[in-house]
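In this chain, residues are counted from 1 in sequence order.
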Amino acid sequence: MNFISNPHIKLGILGGGQLGKMMLLSTANYDVYTKVLDPDPHCSSAPFCSEFVQGSFNDYQTVIDFGKDCQYLTVEIEHVNTDALHTLKSMGVEVHPDPAVLEVIKDKGRQKEFYREKGIKTSDFQWVEGPDEIVRLVKEGSLVFPFVQKTRTAGYDGKGVKMVRNEEDLHHLLAGPSVVEVAVPIKKELAVIVAQSDATPGIVAFDVVDMEFNPQANLVEFLYSPANVSQHIKDQAVSLAKSVLQGFNNRGLLAVELFLDEQDELWVNEVAPRPHNSGHHTIDANVTSQFEQHWRSVLNLPLGDVTQHSPAVMVNILGEPGYEGPVTYEGWSDAMNHKGVKMHVYGKKTTKPFRKMGHFTVISDTLDEAISIARNVKNKLKVVS
């Protein structure tokens, strides 16, 4: 297919956050014409796309009007109007992820049911209408501590997830329809990003990574690649991620989050059908980044070489607790002086506690050295107002 530098072939992206921005920086290398829809005219992606449209990606008619002149359409956030995507698909627009897949994934209850139906190992779960039902189930003894409550929709960046360990936690449950999951005794949290394209035989997988979460914000703070697990576990993790992608039969990336338990068994936690926090390091450490791989797959082009050329640590740069307002970055120039450090600023105009404001990657000859540098840099960086 000949499409590069052709302004009549458009790649539409629903959502203009940092994931979109990093994808757009990749498409610019190939002169792909891009069109972005986001409600915020000052969003991270706005300065970097070929065409920007201000509007809601949750509004049916807005999405139809946005997408009808695009040949390809993808997302950088799951919570979009899928009815509009079904309509656009019927009009001949290539929509990836497929709207039907997106409807399953963006509902964490349906996502868990999908794993059960496909025989994919995941923690036991049940659907509940809200906090009152959870309290009743605990009193009846059919739900025991500890367990995890996840709102079925609209969760992101640690929001919509609550670990429930005791009676006191029952006073702070999340509102709305949820899925409650038996807590897996976790040794590590791993992730694998996979992709497929008709132009490349089979499924291509990035290296397995392991993640360290911020206990307050419940989102990834440190990511280590390659993961510090045995080759046997890595092989199992890649195989499991591929089986999940085969189950969905989806084009575009699929980021598969996994639990490794105390018995070295792997469980699927959840997935994202788009670029993901667990792949940010690939911009600096891999021949092809996750962002380039995503749009290659969406456009059904040959997938890129995912070889990782250096061990890497990725650190999310989060807004400091106690600060909210116009953003100020402290310690930035000092951080840039460190060997192997690559900074990525998302361009958000305001900060608030634990908001993702950027990330940095450290690449080095050894993972241990990269970890040491990363922890030193993190201690010097502050995002305040």
Side-chain angles (χ1 to χ4, degrees), residues 1-15 19-20 22-24 26-35 67-76 78 80 82 84-106 111 114 118 120 191-207 237-256 268 271-276 278-279 282 286-308:
M1 180 192 303
N2 231 346
F3 75 97
I4 303 299
S5 298
N6 183 346
H8 302 294
I9 296 182
K10 297 180 182 179
L11 170 62
I13 303 170
L14 300 181
L19 299 177
M22 288 182 275
M23 196 188 322
L24 292 165
S26 169
T27 59
N29 289 331
Y30 291 80
D31 201 23
V32 177
Y33 191 98
T34 52
K35 183 178 178 182
K68 63 188 179 184
D69 69 339
C70 296
Q71 281 68 43
Y72 301 90
L73 199 61
T74 191
V75 303
E76 66 105 58
E78 289 93 323
V80 301
T82 50
L85 296 184
H86 280 292
T87 300
L88 287 167
K89 183 181 175 182
S90 72
M91 293 166 60
V93 178
E94 286 208 37
V95 182
H96 304 287
D98 187 273
V101 171
L102 194 56
E103 285 172 339
V104 172
I105 291 176
K106 73 176 187 175
Q111 190 183 143
F114 170 85
K118 296 292 183 179
I120 295 168
V192 185
I193 294 176
V194 289
Q196 62 181 352
S197 167
D198 293 341
T200 300
I203 295 172
V204 176
F206 287 87
D207 289 341
V238 169
S239 178
L240 184 52
K242 288 181 176 181
S243 70
V244 176
L245 179 56
Q246 288 167 338
F248 283 116
N249 193 27
N250 184 59
R251 271 213 341 245
L253 289 189
L254 191 71
V256 184
V268 173
V271 301
R274 51 163 174 77
H276 188 257
S278 62
T282 60
N286 291 63
V287 175
T288 304
S289 76
Q290 66 159 341
F291 300 97
E292 180 176 333
Q293 196 78 304
H294 181 68
W295 66 258
R296 280 185 183 229
S297 178
V298 169
L299 272 58
N300 209 24
L301 295 169
L303 298 180
D305 177 4
V306 296
T307 300
Q308 184 169 334

- Item | Derivation of the side chain to side chain contact (heavy atoms under 4.5 Å, CB included) call for Glu94 and Leu299 | CA-CA 8 Å; Glu94 286 208 37; Leu299 272 58; over 6 Å; no
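Closest heavy-atom contact between Leu303 and Ala195: CD1-O, 3.6 Å. What you find for Asp69 and Lys35 is that their closest heavy atoms are OD1-NZ, 2.7 Å. Counting all heavy atoms, side chain and backbone alike, Leu88 lies closest to Gly67 at CD2-C, 3.7 Å. Heavy atoms only, all atoms of each residue included: Ala205 and Val192 are closest at CB-CG1, 4.3 Å. Scanning both residues, His294 and Val75, for their nearest heavy atoms gives NE2-O, 4.2 Å. The minimum heavy-atom distance between Ile193 and Gln290, with the atom names listed, is CD1-OE1, 3.4 Å.
Rounding to the nearest 0.5 Å places CZ of Phe248 at 9.0 Å from NZ of Lys118. Taken to the nearest 0.5 Å, the CG atom of Leu254 stands 5.5 Å off from the CG atom of Leu245. Rounded to the nearest 0.5 Å, atoms CD (Glu78) and NZ (Lys106) are 9.5 Å apart. Separation of atoms OH (Tyr33) and OG1 (Thr27) is listed at 12.0 Å; rounding is to 0.5 Å.
Judged by distance alone, with hydrogens and angles left aside, the side-chain atoms of Arg251 form no donor-acceptor pair with the main-chain N or O of His96 at under 3.5 Å. With hydrogens and angles disregarded, a donor-acceptor distance shorter than 3.5 Å links the side chain of Gln293 to the backbone of Gly304. For Thr282 (side chain) and Ser289 (main-chain N/O), no donor-acceptor pair under 3.5 Å exists by modelled atom type. A donor-acceptor pair is defined here as one N or O able to donate and one able to accept, closer than 3.5 Å; such a pair exists between the side chain of Arg296 and the backbone of Pro302. Thr200 places no side-chain N or O within 3.5 Å of a backbone atom of Ser197 that could act as its donor or acceptor partner. In this structure a side-chain-to-backbone donor-acceptor pair under 3.5 Å is present from Gln71 to Lys10. No donor-acceptor distance shorter than 3.5 angstrom exists from the side chain of Asp305 to the backbone of Val287, with no hydrogens or angles considered.
His276 is not listed as a side-chain neighbour of Leu19, based on a closest heavy-atom distance of 4.5 Å or more. Looking at Leu73 and Leu85, their side chains come closer than 4.5 Å, going by heavy atoms from C-beta outward. Looking at heavy atoms from C-beta onward, Cys70 lies out of side-chain contact with Leu11 at the 4.5 angstrom threshold. A heavy-atom distance below 4.5 Å is not found between the side chains of Val93 and Lys68. In this structure, the side chains of Tyr72 and Ile9 come closer than 4.5 Å at one or more pairs of heavy atoms. At a threshold of 4.5 Å between non-hydrogen side-chain atoms, the residues Val204 and Val194 do not count as touching. Within the 4.5 Å cutoff, the side chain of Leu240 has no heavy atoms near those of the Val256 side chain. Contact check for Glu103 versus His86: side-chain heavy atoms found under the 4.5 Å cut-off.
Residue Pro273 is tested with Asn250, Leu253, Thr74 for a side-chain contact (heavy atoms from CB on, under 4.5 Å); the sole match is Asn250.
Between the side chains of Thr288 and Asn286, no donor-acceptor pair is found at a separation under 3.5 Å.
Ring geometry for Tyr30 versus Trp295: interplanar angle over 60°, hence perpendicular rather than tilted (30 to 60°).
Residues satisfying the salt bridge (Lys or Arg N to Asp or Glu O under 4.0 Å) test with Glu76, not counting sequence neighbours, are none. Remark: Asp98 engages Lys89 in a salt bridge (Lys or Arg N to Asp or Glu O under 4.0 Å) (not counting sequence neighbours).
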